[in-house]
Engineer: 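One structure follows; several queries about it will come next.
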Amino acid sequence: MTQLFFSEALLPGGWSRDVRISVADRRIAAVERGASPDSGDERHAIGLPGLANVHSHGFQRGMAGLTELRASSADNFWTWRELMYRFVGRMTPDDVEAITAQAYVDMLEAGFTRVGEFHYIHHDPSGAPYDNIGELAERVVAAARASGIGLTLLPVFYAHFSFGGEPPSDGQRRFINGVDRFADVMDASRRAINGHQDGVVGIAPHSLRAATPDELAAILPLAGGGPIHIHIAEQTKEVDDCMAWSGRRPVQWLLEHMPLDRHWCLIHATHMTDDEARALVATGAVAGLCPVTEANLGDGIFNATPFFATAGRFGIGTDSNVLIGVADELRQLEYAQRLTRRARNVLASPETLSTGRALFDGALAGGAQALGVTGGLAEGQSADIVSLDTGNLALAGRSGDALLDSFIFASRRSPVDCVWTSGRKVVTSGRHHQADAIAAAFRRRLEGLLAA
Ligand code: NGQ
Ligand code: ZN
């Protein structure tokens, strides 16, 4: 039994002082408030629940910063995607594992304790399946194990280039499966995750571009009650192409044809009308927002007004992993709204005057739902805990919600101090315990890939 003592901690009911959290067998066994510290307690200043990162393509961490030069006069999401496909074309399983492990270390150091890996590289560089169809799913699980992050593995079904069942392009060859072989990928993914700390397997039809309605109907039962994630309405071209194909906008099409409910997570959902946003909220599904990547790729700005006005559920994701940060995602989410609406504290709520608190609480609840778990510092929950360093000047003199506001909006250096996942401490003083070894492997792999 480990006992952690926090001078101040954010519990499900709000901030409490002098909190002792007892951890046993990966879980929170007890939470005492107004406690006095024991000699056996490990003492920390501020305790927060770990957040879920609902959307990651771990391998893309390896190309972070390499697509920021203008290759044509009209660089956009689609030209970026071609560069990404070129990068995919060269990666070996060792590359995928080492790069993904580094991405997960970065996430843990940022205060994410679980990741939803939207995993779509399945095959070898020629597009042929590996002898073991689960080769790369096993590499993702190995990366999660090496880092200690909680994993919700979302094997991706990918079959087409665009709407209407268009054949895939050569650049997509490593992603492609028919329905039958995808069932094998799902089985292999379940075997791969077996035994990983509270591992969850869901399913991810890549997008309405990559899966036809018949294929969607065939694969959805494979979710087996787990989360269902899909990229949707990220780019205006995608909305236009969906209209041309079906006469419906992407989110509208999903609302009309799919049984959306709390198991679903719609990644991006950037381009929604007010009616779509309100109808989405009513289904109980989560919007998986990836504000840093959405800005980096020039996607557009989420239609937050009708969504938040009706208490829409959202999670945050680091998606392309161009920059990995809890504060960065939440700040970008709020700042995009401030810039378009020329207003301040847009996403604060009547109950939570603090913008930081509203963003953090929302991402905590929606993130856990989207990854098929429950969260928060409460008895019975997985012991996924983050402490903040009060030595960080951005937090000087703060308590309660002001800590979150200052963490998200005002800290240049991250104040994340220690991180526990499933009761195991994996980050101390802001550094992951395996940081050096994992970084060395990452560096070797990148040097190899970029020299090629
Ligand atoms: C992905 N990423 O699958 O990595 C996608 C790009 C696509 C984002 N959508 C490919 N941000 O959507 O076709
Ligand atoms: Zn994505």
Side-chain angles (χ1 to χ4, degrees), residues 52-64 66-67 75-89 91 96 99-100 103 107 115-123 136 140 152-164 166-177 202-211 227-242 245 250-251 264-271 286-302 315-324 329 332 370-371:
N53 176 1
V54 301
H55 190 67
S56 158
H57 309 289
F59 75 89
Q60 289 179 14
R61 183 68 182 150
M63 53 184 280
L66 294 177
T67 60
D75 257 349
N76 58 30
F77 174 89
W78 309 99
T79 59
W80 168 84
R81 194 172 77 153
E82 288 305 318
L83 295 177
M84 188 266 282
Y85 289 169
R86 296 224 308 258
F87 191 71
V88 164
M91 280 191 303
V96 170
I99 294 169
T100 303
M107 289 172 198
V115 61
E117 182 66 24
F118 200 101
H119 168 62
Y120 62 84
I121 308 182
H122 300 301
H123 308 312
L136 291 177
V140 169
T152 295
L153 181 59
L154 301 159
V156 173
F157 177 84
Y158 204 123
H160 305 286
F161 183 75
S162 195
F163 294 96
E166 219 184 304
S169 69
D170 184 53
Q172 297 170 329
R173 64 192 178 278
R174 300 188 73 175
F175 320 153
I176 304 301
N177 289 297
I203 194 174
H206 180 275
S207 54
L208 292 180
R209 293 173 272 126
I228 304 166
H229 288 218
I230 186 168
H231 288 126
I232 199 83
E234 180 180 10
Q235 283 277 317
T236 53
K237 178 182 187 318
E238 185 184 355
V239 177
D240 296 344
D241 291 353
C242 189
W245 165 65
V251 172
W264 285 73
C265 180
L266 276 58
I267 303 301
H268 308 302
T270 310
H271 299 289
V286 173
L289 309 178
C290 309
V292 170
T293 295
E294 288 156 10
N296 184 268
L297 297 181
D299 289 339
I301 294 173
F302 181 68
I316 50 166
T318 61
D319 191 355
S320 68
N321 294 313
V322 62
L323 182 73
I324 295 174
E329 296 296 346
Q332 179 66 34
L371 296 193

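No hydrogens, no waters, no symmetry mates; every other heavy atom, side chains included, goes into these values. When a ligand or atom number is given, it counts from 1 through the structure's own listing order.
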Engineer: With respect to atom 11 (N) of ligand 1, which of Arg209, His55, Glu234, Glu238 exhibits the smallest heavy-atom separation?
Structural biologist: Glu234
Engineer: Hey, is there an N, O or S on Cys290 sitting under 2.8 Å from the Zn ion (ligand 2)?
Structural biologist: no
Engineer: With a 4.0 Å cut-off on heavy atoms, does Tyr120 reach ligand 1?
Structural biologist: yes
Engineer: Would you mind reporting whether His55 and His231 have side-chain heavy atoms less than 4.5 Å apart?
Structural biologist: yes
Engineer: Quick one: does ligand 1 sit under 4.0 Å from the side chain of Leu297, the backbone, both or neither, non-hydrogen atoms only?
Structural biologist: side chain
Engineer: Among all protein heavy atoms, pick out the one at the shortest distance from atom 5 (C) of ligand 1; state its residue, atom name and that distance to 0.1 Å.
Structural biologist: His231 CE1, 4.0 Å
Engineer: If only atom types and distance count, is the side chain of His57 paired as donor or acceptor with the main-chain N or O of Phe118 below 3.5 Å?
Structural biologist: yes
Engineer: Quick test of your reading of the structure: of His57, His206, His268, whose heavy atom lies closest to atom 3 (O) of ligand 1?
Structural biologist: His206
Engineer: Would you say Asp319 and ligand 1 have an N/O pair spaced under 3.5 Å apart?
Structural biologist: yes
Engineer: Answer with yes or no whether the side chains of Glu117 and Ser56 bring together a donor and an acceptor at under 3.5 Å.
Structural biologist: yes
Engineer: Can a donor-acceptor pair be found, under 3.5 Å and without considering hydrogens, that links the side chain of Asp170 to the backbone of Arg173?
Structural biologist: no
Engineer: Is it true that Phe175 and His206 have ring centroids separated by less than 6.0 Å?
Structural biologist: no
Engineer: Who's the nearest protein heavy-atom neighbour of atom 10 (C) of ligand 1, and how far?
Structural biologist: Arg81 CD, 3.3 Å
Engineer: For Glu238 and Ala233, indicate whether the former's side chain and the latter's backbone hold a donor-acceptor pair under 3.5 Å.
Structural biologist: yes
Engineer: How wide is the angle at the Zn ion (ligand 2) between NE2 of His231 and NE2 of His55, to the nearest 10°?
Structural biologist: 90°
Engineer: So is Trp80 polar-close to ligand 1, meaning N/O to N/O under 3.5 Å?
Structural biologist: no
Engineer: Please answer whether the main-chain N or O of Val292 pairs with a side-chain N or O of Glu329 as donor and acceptor at a distance below 3.5 Å.
Structural biologist: yes
Engineer: Could you confirm whether His268 has any N/O/S atom lying under 2.8 Å from the Zn ion (ligand 2)?
Structural biologist: no
Engineer: Has the side chain of Arg174 got a donor or acceptor atom that lies under 3.5 Å from a matching backbone atom of His123?
Structural biologist: yes
Engineer: Report yes or no: does a heavy atom of Glu294 sit under 4.0 Å from some atom of ligand 1?
Structural biologist: no
Engineer: In terms of the angle between their ring planes, are Tyr158 and Tyr120 parallel, tilted or perpendicular, with boundaries placed at 30° and 60°?
Structural biologist: tilted
Engineer: Can you list the ligand 1 atoms lying under 4.0 Å from a non-hydrogen atom of Phe77?
Structural biologist: 6 (C), 7 (C), 8 (C), 9 (N), 11 (N), 12 (O)
